[in-house]
Amino acid sequence: MSEEIIGHGTWYDMMAKKIIEREQSLSRSMDNLRTEMGLGASGFPHIGSLGDAARSYAVTLALKNQGVNSELIAYCDDKDGLRKVPAGLTDKGLEKYLGYPVSSIPDPFGCHESFGKHMSSLLLEALDKCGIQYKYYSAKDVYEKGLILNEMRMLLSNSQQVGQIVKEQVGQETYTEVLPFFAVCENCGRIYTTRAYSFEPKTDKVHYKCEGLEIRGRLIKGCGHEGDADIKKGEGKLTWKSEFAARWKALDIRFEAYGKDIADSVKINDRICQEVLCFEPPSHAKYEMFLDKGGKKISKSAGNVFTPQVWFNYGSPQSLLLLMLKRFVGTRALAVSDIPVYMNELDYLEDVYFDKKNVGEKEAIRLKGLFKYCYLMAPPTKPSIHVPYNLLAFIVKLAPKDCLTTYVTEMLQSYGYLKKDQELDEDLLQRINYAANWIRDFEEIKETTVELTVEEKKAVSDLVNKLQTVADDPEKIQNSIFNAAKDNGVKPGALFRKLYQVLMGASQGPRLGPYVLAMGKQNVVDALQRSLKNN
RNA sequence: GGGUCCGUAGCUCAGUCAGGCUAGAGCAUCGGACUUUUAAUCCGAGGGUCGCGGGUUCAAUUCCCGUCGGACCCGCCA
């Protein structure tokens with residue numbers, strides 16, 4: 001139990017320390033401690049996929065911070081077969097490609113060279129947007145260029161041992177009979193339908209039959225073809241229960257985080273790596289899955305999954321990294337509706353970082369560290385202006401469409417977030433953009449009919465008259481509303497509430513004088529008259 | 001069958017690289033201030049057996065074991 005603080009005081013610094021200690025005790029080269037992440041290519045990247053990247057990269061940064069070179073490898077699983085048609089793409093005629101490697105399926109959107117490329121590039125775009133640096137490997141290239149040829153040979157030559165390990169670890173006996181290899185059928189082009197029966201070391205060929213495979217109760221039919229696949233030419237791939245091991249050794253990976261869904265697979269691969277390939281497997285960290293919060297109506301109208309791109313509509317890359325990095329253990333339920341919370345929390349961290357908030361020494365170290373990781377070790381040099389997300393959204397919602405930025409600027413000035421004559425900066429404009437998207441997509445303006453009492457009707461119609469004659473002065477307009485209430489025996493508070501409901505569908509709002517002016521007096525008069533008619 | 005996570009204020013959760021003074025935040029509630037209304041803002045208050053039972057320790061929300069409740073993953077592929 002040491003009191004010493006490691007690195008920036010986060011989980012990642014601790015992990016880095018452990019990795020370094022382990023590598024030292026193994027007496028391995030410290031030239032480059034590679035971390036790895038998997039890049040899914042068989043469906044839209046869920047936002048959780050970014051967690052793998054963010055956390056692995058954070059470990060890479062922590063390693064560097066402790067004086068060790070490190071890089072993140074992004075390994076694209078584009079030789080995987082398509083197992084099922086992704087939600088949202090059911091009308092793209094992908095059915096016939098089930099079982100094909102995703103890198104040989106045409107891009108249904110027509111903008112990339114393959115289905116797999118399209119999907120994986122969505123995640124890569126998100127990584128780029130966050131500023132996560134990585135070295136890209138595609139499984140297709142790795143196999144075709146023979147980068148893991150030696151490992152494949154070892155595994156296929158010792159397939160009984162591999163099969164035995166799988167059996168011992170999870171009780172699955174398949175690989176005691178079949179080689180841990182999927183050949184691409186030279187006749188029909190599918191990869192998941194083949195079973196590999198024997199390996200001939202002299203020719204580097206695997207003998208297979210295209211028999212078909214049942215996945216999740218659905219059978220993908222094979223074509224019955226029997227042939228030999230040349231492993232030198234990338235005519236197939238290792239199954240996952242052994243492929244990890246092979247690439248760890250081939251690419252010299254020293255750290256790999258993984259989701260608990262593949263925990264068993266990692267255990268098996270650790271043993272295979274050590275016992276068959278004679279390579280000490282990388283250090284690991286297991287994380288929980290990111291779950292979609294049930295019951296929330298999130299973008300399901302569009303049939304979308306919760307992708308990083310969705311997040312970036314409403315929140316900054318750093319806020320997403322905050323979500324990913326703030327906590328390692330624990331299942332995290334995600335919803336789009338949480339984005340404002342993370343935006344605000346990031347502001348809070350920034351306040352702590354710039355010593356604007358006092359939180360105690362230990363806490364400050366931890367939070368400042370987290371903040372730096374959110375900015376991937378390149379934090380801002382000066383504080384930004386923090387307007388609470390919901391307030392900004394509120395202002396944007398009420399802003400007249402024609403003069404959004406002017407209106408927001410005025411409001412922020414009057415609320416004291418901006419000094420008089422201070423204009424919006426880049427950061428605030430971006431925040432307004434997020435808030436505007438938010439309002440546009442999630443806050444439908446309710447157009448309910450507002451019921452008015454007899455007195456209120458009189459007051460409203462009185463106000464209509466007053467507005468038509470009053471000068472264009474916010475204060476005078478404000479006064480005329482107040483007078484319209486008093487003159488007609490209505491409590492000002494009640495009248496204001498009704499006016500907000502009529503004008504913006506909310507029971508509360510900004511100071512009305514300036515707002516009426518900003519909206520245009522005539523528009524307000526029209527709205528009020530419509531409301532009177534409906535009563 | 002194997003495994004993981006969660007259970008802290010009415011609600012949502014912090015507090016898990018490292019056990020330590022009166023366990024925190026936001027929202028909600030209530031009270032007050034201010035604005036000729038609302039909203040906003042500011043101040044304050046109430047509210048917790050930290051699921052339950054053991055253990056380790058000078059000290060446990062925090063570590064260990066067990067237990068109850070909730071959620072999830074794996075057991076076919078990845």
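This one's a predicted model, so the numbers in the text were calculated from it and none came from an experiment. A note on names: the letters A, B, ... follow the listed sequences, proteins ahead of strands, and every chain is numbered from 1.
- We find that CG of Leu238(A) is positioned 10 Å from P of A78(B), with the value rounded to whole Å.
- Between the side chain of Lys260(A) and the base of C72(B) there is at least one donor-acceptor pair of N/O atoms closer than 3.5 Å.
- Under the salt bridge (charged side-chain N to carboxylate O under 4.0 Å, His left out) criterion, Glu36(A) pairs with Arg247(A), not counting sequence neighbours.
- The CD1-P distance, from Ile339(A) to G26(B), rounds to 22 Å in whole Å.
- Salt bridge Lys458(A)/Asp462(A): absent, no basic N to carboxylate O contact under 4.0 Å.
- As rounded to the nearest Å, C64(B) and A18(B) have P atoms that lie 12 Å from one another.
- In this structure, Leu322(A) atom CG and A14(B) atom C1' are separated by 12 Å, rounded to whole Å.
- Between the CG atom of Asp347(A) and the C1' atom of G26(B) there is a distance of 14 Å, given to the nearest Å.
- Contact annotation for Ile481(A): no contact, since no heavy-atom pair falls under 4.0 Å across all strands.
- Here, C30(B) and G10(B) have their C1' atoms 13 Å apart, quoted to the whole Å.
- For the P atoms, the distance from C42(B) to A25(B) is 15 Å, rounded to whole Å.
- Here Tyr353(A) and Phe371(A) bring their ring centres to under 6.0 angstrom of each other.
- Searching all strands for a Watson-Crick or G-U wobble partner of C27(B) with both distances below 3.5 Å returns G10(B).
- Taking the C1' atom of each, U8(B) and G44(B) are spaced 24 Å apart, rounded to whole Å.
- In this structure, Lys209(A) forms a cation-pi arrangement with Tyr197(A), its terminal cationic atom sitting closer than 6.0 Å to the ring centre and no more than 45° off the ring axis.
- With salt bridges taken as basic N to acidic carboxylate O contacts below 4.0 Å, none links Asp261(A) and Lys286(A).
- Per the geometry, NE2 belonging to His8(A) stands 16 Å off P belonging to C17(B), to the nearest Å.
- Residue-to-nucleotide proximity on RNA chain B shows that, of Met14(A) and Lys237(A), the 5′-proximal contact is made by Met14(A).
- A9(B) and A33(B) have their C1' atoms separated by 26 Å, with the value rounded to a whole Å.
- For Asp80(A), the side-chain atoms get nearest to A78(B) when compared with the rest of A18(B), U4(B), A78(B).
- Using a 4.0 Å cut-off between charged nitrogen and carboxylate oxygen, Asp80(A) and Lys237(A) count as a salt-bridge pair.
- Going from the P atom of C72(B) to that of U29(B) covers 32 Å, rounded to whole Å.
- Nucleotide U35(B): unpaired (no Watson-Crick or G-U wobble partner with both distances less than 3.5 Å).
- Whole-Å rounding puts the Leu323(A) CG to A14(B) C1' distance at 14 Å.
- Side-chain N/O atoms of Asp52(A) and Ser49(A) include no donor and acceptor closer than 3.5 Å.
- Applying the Watson-Crick and G-U wobble criteria (two distances, each under 3.5 Å), G66(B) pairs with C52(B).
- One interatomic measurement links the two molecules: CH2 of Trp11(A) to P of C17(B), which rounds to 10 Å at whole-angstrom precision.
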When you compare the protein's N or O atoms with those of nucleotides 75-77 of chain B, which come within less than 3.5 Å of each other, and at what distance?
unit_1	atom_1	unit_2	atom_2	d
C76(B)	O2	Arg216(A)	N	3.4
C77(B)	OP1	Gln172(A)	NE2	3.0
C77(B)	OP1	Tyr175(A)	OH	3.4
C77(B)	OP2	Gln172(A)	NE2	3.0
C77(B)	OP2	Lys241(A)	NZ	3.1
C77(B)	O2	Arg83(A)	NH1	2.7

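- Residues meeting the salt bridge (charged side-chain N to carboxylate O under 4.0 Å, His left out) test with Glu23(A), sequence neighbours left out: Arg28(A), Arg254(A).
- When Watson-Crick and G-U wobble pairs are counted only if both distances are under 3.5 Å, C58(B) pairs with G20(B).
- Spacing of C1' atoms, G3(B) relative to U22(B), comes out at 41 Å, to the nearest Å.
- The CD1-C1' distance, from Ile365(A) to U16(B), rounds to 17 Å in whole Å.
- Atom name P, nucleotides G47(B) and A23(B): the rounded distance is 13 Å, in whole Å.
- Arg55(A) forms a cation-pi arrangement with Tyr287(A), by the criterion of a distance under 6.0 Å to the ring centre and an angle within 45° of the ring axis.
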